[in-house]
Every structure is written in C-alpha cells, then in structure tokens.
Amino acid sequence: MNLIEPTYLRYVHDSLGKGSLNAENAAALPYGFIGLYEEAFQSNIPISKRQLTLKRLAIWALFKGGVSDYLASKILNESQEETKSLINSFSSWFNTTDSNKYTLYHDRLRTYLIQKLSSHELQELNEQIISYLESSLEAENGDEAEIYALEYLSTHLALESQMDSNYQRLHDFANQETLWPRQVSVSKEYKWSQQAVQYSIKEGARRHNEYNLIKSIINSYNLYQTELNDVKQIKRFFDLEDFEIALLRTDSLVNDRQVLVLLMMLYELLLGDKSNHKDKPNISKIIVEKIEKITKPDTSSSQIAIDI
C-alpha cells in the first residue's frame, strides 16, 4: 500500500464513484502512472489533435508556479475559453490554488508530459513562455505576468541554457542590477534575485566561462551584503505596519545590528508613532523574545522585563 501514490488512488476512487470500476472489471485498471495518463489522454483527444493538445498540456509542465487560465491563454496564443476547456477536459490533472491559479496535480505527470516531446519542441514551448515574460517585464504593468516573470523567468532561462541554447541571455538577465529592486519590492526579500544569480553561477561554471562566472559570484556576494545592511528597507516595512516581513528581514542582519533594529522597533511601539497600535502587546512580545534569543542564547530562563 505504501507504493500506491495519490494520483492512482484518486483515479480508483473516482472510477468506483462513477461505477466504471467494480469487482467484475478490476482487470481494466491501467498499469501504473504511465498507463493512467495514457488512458486519460487518449480517451479525451482525437488522434488528429493529440500532438497539439500534448503541447498545450506540456506548457503547464514547464510552468514553475500557479498560473491563471488567462495568463496561460496569452502564452499559448489562444482564447481564455479554449484554455478553460482544456483544463476542464483534464480536470483531474489540475489543482487549483487559493488565488484561482492552476498547477499540475503531480510531478510524475509533469515528467510524463515533458518526456512525450522532443528537445526541440520543449525549447519552442519554453521560448513561448520566455518571450511573453520578457515583454511583460518591459511593460511594467504590475500584473500577474510581470510578477511571475520577476520570480520565475530566471528558471526558464536556466532551462534554456541547460538545453545548450542561449546561455548569455540567462547571464545578462541574472546580473541586471536595475531589476533587483523590482524583485525585492514585490517579494520583500532578496531570494528571487539571488536565485537568478545562482543559476548564472552554475551555468557559468558548467561552461567554464570564467569572466561571467566571476561577475556572477561578485554580484551574489553584493546581494548578500546589501541584504545584510538593508536597514532602511526593514524600517520601511515596519513603518507600513508590515510587521511580519520586517521582523523576518531582521534575521538577515548580524547580531549587533539586528539588536539595534529590534530595539528601534520596540521604542516605536512603546513610546513612538506605533504606541497606540492594537497589536502592540503581541508584536512587542515577539521582539523581546528575539532580543533574548540573540543576547542570551544559552539562558532559557532569563527574561527582559519590559512593561508593555
């Protein structure tokens, strides 16, 4: 039973519920994941349309996060209704996120779809995604496509490079310093920028491109140092009452600087502009606990006595 995974169990459960599977025809069960996917694919699509439909499904296997049917339709260059129809035809293959975006149900399904296409076909699909995302970044509309591009375009560019196509485009994108503030502004951290530079480092090393490799390593270090010292941005999150992000970002600071920033926050809550905030007791308690952990990591019983 431990070897039976959720996708297969889901298929059996649904088939039993619909009455298409019972004790009399149990032998009709498809064999394993491949059989399961093949059966669903062939039963839903006429032979004449299978290759086109396969490509439309495979693009979902290339997406790195949840995507709306609207964005998918734009990348696929089809109507939103057509994309919705595809999702509905293979509804058991998709999960829906809280923000009404879609992802494929299982990683093995991604693998199945990708392996059905040639390297050239995958490159073409990945290029469709890249081209649309690059245009979205240039437009700067603040829409779903731009946000997806800020987080995941580097991953698609890394895939392109790994398929031995256009490594320089990955390097140029990852080391585009003017893009980093936009990524940080949306994500409220440096993870997206650092991820892109790390892709560039790996591909530069794989290709023995010493000049690009050194540049990417230096930029990775600069991003790290900027994050360590970006007190102004932490204060901005705190002033905007985005306390969770502000407190999380203090973890990137070295101990002495982290304590100073936490004390500044505590002052604002107790005596400053945030002294009337409704969550003052809870936030102050969290700050005190963080200070205690830094200043007295080995003394679990000691406490800072502050009247909040």
Side-chain angles (χ1 to χ4, degrees), residues 52-107 109-110 113-114 122-161 166 169-170 172-174 176-200 233 236-237 240 242 244-245 248-249:
L52 175 60
T53 303
L54 178 61
K55 290 183 177 181
R56 293 170 67 206
L57 286 167
I59 210 158
W60 288 94
L62 292 175
F63 287 142
K64 305 306 176 183
V67 173
S68 69
D69 51 24
Y70 173 79
L71 177 55
S73 70
K74 290 296 182 181
I75 294 173
L76 288 165
N77 195 27
E78 63 185 26
S79 70
Q80 189 173 358
E81 287 69 28
E82 288 176 303
T83 304
K84 286 182 178 178
S85 177
L86 177 71
I87 294 171
N88 290 335
S89 296
F90 294 89
S91 58
S92 63
W93 287 11
F94 287 88
N95 278 336
T96 309
T97 68
D98 294 337
S99 52
N100 292 322
K101 296 178 181 178
Y102 298 92
T103 60
L104 289 181
Y105 182 75
H106 201 286
D107 284 341
L109 175 56
R110 294 176 185 274
L113 292 169
I114 288 173
L122 286 175
Q123 286 179 352
E124 286 185 336
L125 289 177
N126 196 46
E127 178 58 34
Q128 281 183 240
I129 298 173
I130 290 171
S131 297
Y132 190 87
L133 296 181
E134 286 182 330
S135 298
S136 299
L137 282 179
E138 291 179 7
E140 295 190 46
N141 291 326
D143 56 7
E144 177 193 355
E146 181 186 356
I147 294 172
Y148 182 96
L150 289 170
E151 182 174 6
Y152 293 118
L153 178 53
S154 63
T155 310
H156 291 285
L157 292 171
L159 175 60
E160 178 184 54
S161 179
N166 209 348
R169 181 155 64 164
L170 166 65
D172 292 343
F173 174 81
Q176 188 180 161
E177 296 183 28
T178 56
L179 191 64
W180 299 341
R182 291 170 62 185
Q183 292 174 312
V184 173
S185 176
V186 176
S187 66
K188 301 180 181 179
E189 57 183 350
Y190 286 75
K191 182 178 179 180
W192 296 355
S193 304
Q194 192 67 262
Q195 173 181 264
V197 176
Q198 291 301 315
Y199 284 139
S200 181
Q233 189 182 72
R236 186 159 60 250
F237 288 135
L240 293 172
D242 199 341
E244 182 178 356
I245 293 297
L248 180 64
R249 285 292 303 278

Check against side chain to side chain contact (heavy atoms under 4.5 Å, CB included), E160 and L170: CA-CA 8 Å; E160 178 184 54; L170 166 65; over 6 Å; no
N88 atom CG, neighbour heavy-atom count above 12 within 6.0 Å: yes
S89 (side chain) donor-acceptor with S85 (main chain) under 3.5 angstrom: yes
L125 and Q128: CA distance, side-chain angles, deciding distance, side chain to side chain contact (heavy atoms under 4.5 Å, CB included) verdict: CA-CA 5 Å; L125 289 177; Q128 281 183 240; 3.6 Å; yes
Heavy-atom donor-acceptor pair, R182 side chain to E140 backbone, under 3.5 Å: no
Salt-bridge contact R56-E82 (side-chain N to carboxylate O under 4.0 Å): no
Value rounded to 0.5 Å, distance of CD1 in I114 from CG in L122: 6.0 Å
Full working for side chain to side chain contact (heavy atoms under 4.5 Å, CB included) between I59 and K55: CA-CA 6 Å; I59 210 158; K55 290 183 177 181; over 6 Å; no
Side-chain heavy atoms of L71 within contact of F63, under 4.5 Å: no
Enclosure of F237 CZ (heavy-atom neighbours >12, cutoff 6.0 Å): yes
Nearest heavy-atom neighbours spanning A72 and T83: CB-CG2, 4.0 Å
I147 to G142 - nearest heavy-atom pair and separation: CD1-O, 4.1 Å
Shortest non-hydrogen separation from L62 to N126 and the atoms involved: CD1-N, 3.8 Å
Separation of F90 CZ from T53 OG1 (nearest 0.5 Å): 6.5 Å
Minimum heavy-atom distance A174-V197, with the two atoms named: O-CG2, 3.4 Å
Sub-4.5 Å side-chain heavy-atom contact between Y190 and R249: yes
Check: S131 main-chain N/O paired with S135 side-chain donor or acceptor under 3.5 Å: yes
Spacing of OH belonging to Y105 relative to OG belonging to S92, to within rounding of 0.5 Å: 9.0 Å
Note, L113 side chain near L104 side chain (heavy atom, < 4.5 Å): yes
Side chain to side chain, E146 and V186, heavy atoms closer than 4.5 Å: no
Pair F94-L57, side chain to side chain contact (heavy atoms under 4.5 Å, CB included): steps then yes or no: CA-CA 10 Å; F94 287 88; L57 286 167; 4.3 Å; yes
Sub-4.5 Å side-chain heavy-atom contact between F173 and H156: no
Short side-chain donor-acceptor distance under 3.5 Å, Q80 and D69: yes
Over all atoms of both residues, closest heavy-atom pair of V184 and S193: CG2-OG, 4.4 Å
Closest contact, heavy atoms only, E144 versus K101: OE2-CE, 3.8 Å
Test item: N166 and L157 side chains (from C-beta on) under 4.5 Å apart, heavy atoms: no
Separation between CZ of R110 and NZ of K64, rounded to the nearest 0.5 Å: 7.5 Å
Aromatic plane relationship, W60 with Y102 - under 30° parallel, 30 to 60° tilted, over 60° perpendicular: perpendicular
Gap separating the CZ atom of R236 from the NZ atom of K188, nearest 0.5 angstrom: 11.0 Å
OH-CD1 distance between Y152 and I129, expressed to the nearest 0.5 angstrom: 12.5 Å
Note, S187 side chain near E151 side chain (heavy atom, < 4.5 Å): no
Whether S185 side chain and P181 backbone form a donor-acceptor pair below 3.5 Å: no
